[in-house]
S.K.: 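This is the structure I have questions about; it appears just below.
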Amino acid sequence: MEKNNKYLVLTITAITIGFLVRYFYFIQLDGWFDEWNMFYTVDPSLTNIETWKRYFGDRGDGGYLPEYYPPINAFILKLFLYTFGNTVENARILSLIFGSGSLVIIYFLSKCFLNTKNSFIVTLLVSLNLFLIWQSSEIRPHSFVVFFSLLNILLFIKLLDKNFSITLTYLSYILSSILILSAWPFTLIIFFGKIIYLIQDFIVNKKKNIFINITIFSSLIIYILLNIDYLLYHLARDEHYTKLYLGFFYSYHFRSFFGSIFLGGIFLSLFAIMILTNLKNLFLINKKNNLILIIILSSYFLTIIYSIIGASVISPKYVIFILPLIILWIVIQTVESKIKYKNHLLLLLIFFSIINLVINFFNNPIDRPPTKKLLKIVANSKTNKIYTHESLVFNNFVKSHKIFKKNNLEIGRVSNLTLKDKNFWFLCLNNPRFAVGDNNFQDEKKCDFFNKKNNYLLKKEIKVIDYILRQYEKN
């Protein structure tokens with residue numbers, strides 16, 4: 001009992017560390033193109049009709065860029081911002097809540113397979129995972145999806161074990177199923193994995209699980225009926241931003257999942273070895289932890305097949321919900337193995353995860369323009385007006401930062417410059433890395449707009465990566 005209490009305290013500590021690390025990354029983070037567009041779509045001051053227009057591509061200045069994530073995500077975020085305030089930081093808080101909450105769910109899911117000590121190890125490894133840390137601050141639905149995917153799998157296991165209030169568990173399971181499917185259709189993979197597991201359970205153990213099967217298929221039917229329009233809209237899409245490439249078959253997302261080639265290679269090697277040494281158990285013995293592996297393998301099988309016969313969907317973000325499952329399954333197999341030094345192996349995984357976290361914490365593969373840095377410069381000056389040559393989507397994102405609102409800054413497009421504006425800042429997005437990669441290109445021509453006008457005096461110029469900020473005074 002004392003040992004359990006000790007590891008329970010350690011688990012709470014691990015969850016706290018996971019939250020603090022996520023929060024530290026949260027306060028450092030800037031936005032990029034995808035987030036600008038989602039934030040523009042979910043403006044809580046809009047009517048629902050206007051939100052739908054933006055969702056389907058209206059960018060307000062002649063631009064057209066439709067969203068393809070399920071619309072429920074937009075309306076959930078819109079409601080959150082309506083309740084707590086329309087700022088970029090608040091939009092990230094929603095992801096932070098679910099990203100941190102996932103640490104609690106993975107602990108309880110781990111307890112279905114492991115003792116308190118080893119559940120703590122799983123929770124700590126998930127807390128230290130870089131990819132999950134990065135995604136816990138994105139203005140995207142990925143953390144939300146991870147949270148409810150883990151919760152849905154946990155409820156499914158409770159149904160199998162029949163050790164909770166059956167009626168409540170069934171109802172919770174159906175609701176969580178409809179929610180995650182509506183939020184992220186790729187979670188159909190989870191249900192495919194459950195069906196395969198139940199078929200195997202019937203073949204090996206002669207268990208029919210009639211009510212669970214009815215519940216799964218009822219959830220799927222309700223989901224399809226509620227989301228038929230979105231499914232048709234999404235299935236009409238003939239391409240995604242990620243392609244099936246040869247290198248995928250060397251890494252299987254593990255490089256992205258674990259934040260580096262080194263740590264990804266370690267986890268992939270362990271994962272492959274454990275699959276090869278457990279093939280007999282996988283096919284001939286239907287253990288509960290087979291469910292976890294079946295869901296993981298289903299994600300690879302189905303996304304590869306769909307990428308071949310339909311649009312390519314090879315992105316680690318699309319199947320992010322399998323990442324904590326990979327960590328859980330590796331720990332389960334390590335604990336159950338006959339490896340002499342398995343505790344040392346688990347300690348090494350924790351050690352390498354910490355080292356990887358320290359070294360690669362800010363090495364997010366998506367480079368983000370340092371917007372907040374430049375807003376601080378403007379806020380500390382005596383000039384509060386900013387003009388840009390950028391889109392309404394960009395300007396909306398800039399003006400929605402807390403520092404912008406706190407300092408009563410203003411932003412507009414150069415086409416709206418008036419004779420009254422004697423002093424102003426000109427902010428120019430200059431060959432942003434998320435669009436063109438690392439580069440030494442010449443400054444974009446649009447950034448020279450005021451240099452060609454003799455009636456404006458350049459008082460200050462600040463060049464940083466992705467941006468040029470210039471302060472002008474009218475002659």
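Residue numbers count from 1 along this sequence. Small disclaimer: the values here were computed from a predicted structure and weren't measured. Atoms considered below: every heavy atom in the structure, side chains included; atoms not considered: hydrogens, waters and symmetry mates.
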S.K.: Can you tell me if CG on L458 sees more than 12 non-hydrogen neighbours from other groups inside 6.0 Å?
M.R.: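 Atom CG in L458 is crowded, with more than 12 foreign heavy atoms closer than 6.0 Å.
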
S.K.: How about Y233: does its OH atom have over 12 heavy atoms from other parts shown lying under 6.0 Å from it?
M.R.: yes

S.K.: With a 6.0 Å cut-off (strictly less than), is the heavy-atom count around OH of Y245, excluding the residue itself, greater than 12?
M.R.: yes

S.K.: Check side-chain hydrogen bond (donor to acceptor under 3.5 Å, both in side chains) between E461 and all other residues, then give those that pass, not counting sequence neighbours.
M.R.: R470

S.K.: Would you say the ring centroid of W184 lies under 6.0 angstrom from that of F148?
M.R.: no

S.K.: For this output row, return yes or no: ring centroids of F147 and F144 closer than 6.0 angstrom.
M.R.: no

S.K.: If the condition is ring pair (Phe, Tyr, Trp, His ring centres under 6.0 Å), which residues does Y55 pass it with, not counting sequence neighbours?
M.R.: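 Only W52, Y69 meet the ring pair (Phe, Tyr, Trp, His ring centres under 6.0 Å) criterion with Y55.
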
S.K.: To the closest 0.5 Å, what do you measure between CD (E390) and CG (L427)?
M.R.: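 Atom-to-atom, E390:CD and L427:CG are 7.0 Å apart.
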
S.K.: Using the side chain to side chain contact (heavy atoms under 4.5 Å, CB included) definition, which of the options L226, L220, N227 pairs with L181?
M.R.: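 For L181, the side chain to side chain contact (heavy atoms under 4.5 Å, CB included) check succeeds only for L220.
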
S.K.: For Q471 and S381, test the side chains for any donor-to-acceptor distance below 3.5 angstrom and give the result as yes or no.
M.R.: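 Per modelled atom types, Q471 and S381 side chains form no pair under 3.5 Å.
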
S.K.: At their closest point, which heavy atom of A183 faces which heavy atom of I72, and how far apart are they?
M.R.: CA-CG2, 3.6 Å

S.K.: Check whether any side-chain heavy atom of T51 sits under 4.5 Å from a side-chain heavy atom of F75, and report yes or no.
M.R.: yes

S.K.: Check for me whether the distance between the ring centres of Y456 and F424 falls short of 6.0 Å.
M.R.: yes

S.K.: Describe, in one word, how the ring planes of F397 and F39 are oriented to each other, choosing from parallel (under 30°), tilted (30 to 60°) and perpendicular (over 60°).
M.R.: perpendicular

S.K.: Strictly by modelled atom types, are Y40 and S391 linked by a side-chain donor-acceptor pair under 3.5 Å?
M.R.: no

S.K.: Mind checking whether F450 and Y387 have ring centres under 6.0 Å apart?
M.R.: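 When the ring centroids of F450 and Y387 are compared, they turn out to be at least 6.0 Å apart.
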
S.K.: Is it the case that N48 and K78 place a side-chain donor and acceptor less than 3.5 Å from each other?
M.R.: yes

S.K.: Does either side chain, that of N37 or that of R54, offer a donor lying less than 3.5 Å from an acceptor on the other one?
M.R.: no

S.K.: Going by side chain to side chain donor-acceptor pair (under 3.5 Å), name the pairs with one or both residues in residues 132-156, residues two or more places apart or in two chains.
M.R.: R22-S136, Q135-H142, E138-R368, N152-S176, N152-S177, N152-K194

S.K.: Aromatic rings Y7 and F120: how do their planes relate, parallel, tilted or perpendicular, breaks at 30° and 60°?
M.R.: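 Plane angle between 30° and 60°, so tilted.
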
S.K.: How are the rings of F249 and Y252 set to each other: parallel, tilted or perpendicular (split at 30° and 60°)?
M.R.: perpendicular

S.K.: Can you find a side-chain donor-acceptor pair between Y25 and N364 that sits under 3.5 Å?
M.R.: yes

S.K.: Short question: side chain of N90, backbone of F84 - any donor-acceptor pair under 3.5 Å?
M.R.: yes

S.K.: Is any side-chain heavy atom of I133 less than 4.5 Å from a side-chain heavy atom of L357?
M.R.: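 I133 vs L357: side chains touch.
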
S.K.: Tell me whether the rings of H389 and F449 are parallel (<30°), tilted (30 to 60°) or perpendicular (>60°).
M.R.: perpendicular

S.K.: Could you tell me the separation between the OG1 atom of T41 and the NZ atom of K53, rounded to the nearest 0.5 Å?
M.R.: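 Reported value, rounded in 0.5 Å steps: 14.0 Å.
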
S.K.: For a 4.5 angstrom cut-off between non-hydrogen side-chain atoms, does I295 reach L291?
M.R.: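 Of all side-chain heavy-atom pairs linking L291 with I295, at least one is under 4.5 Å.
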
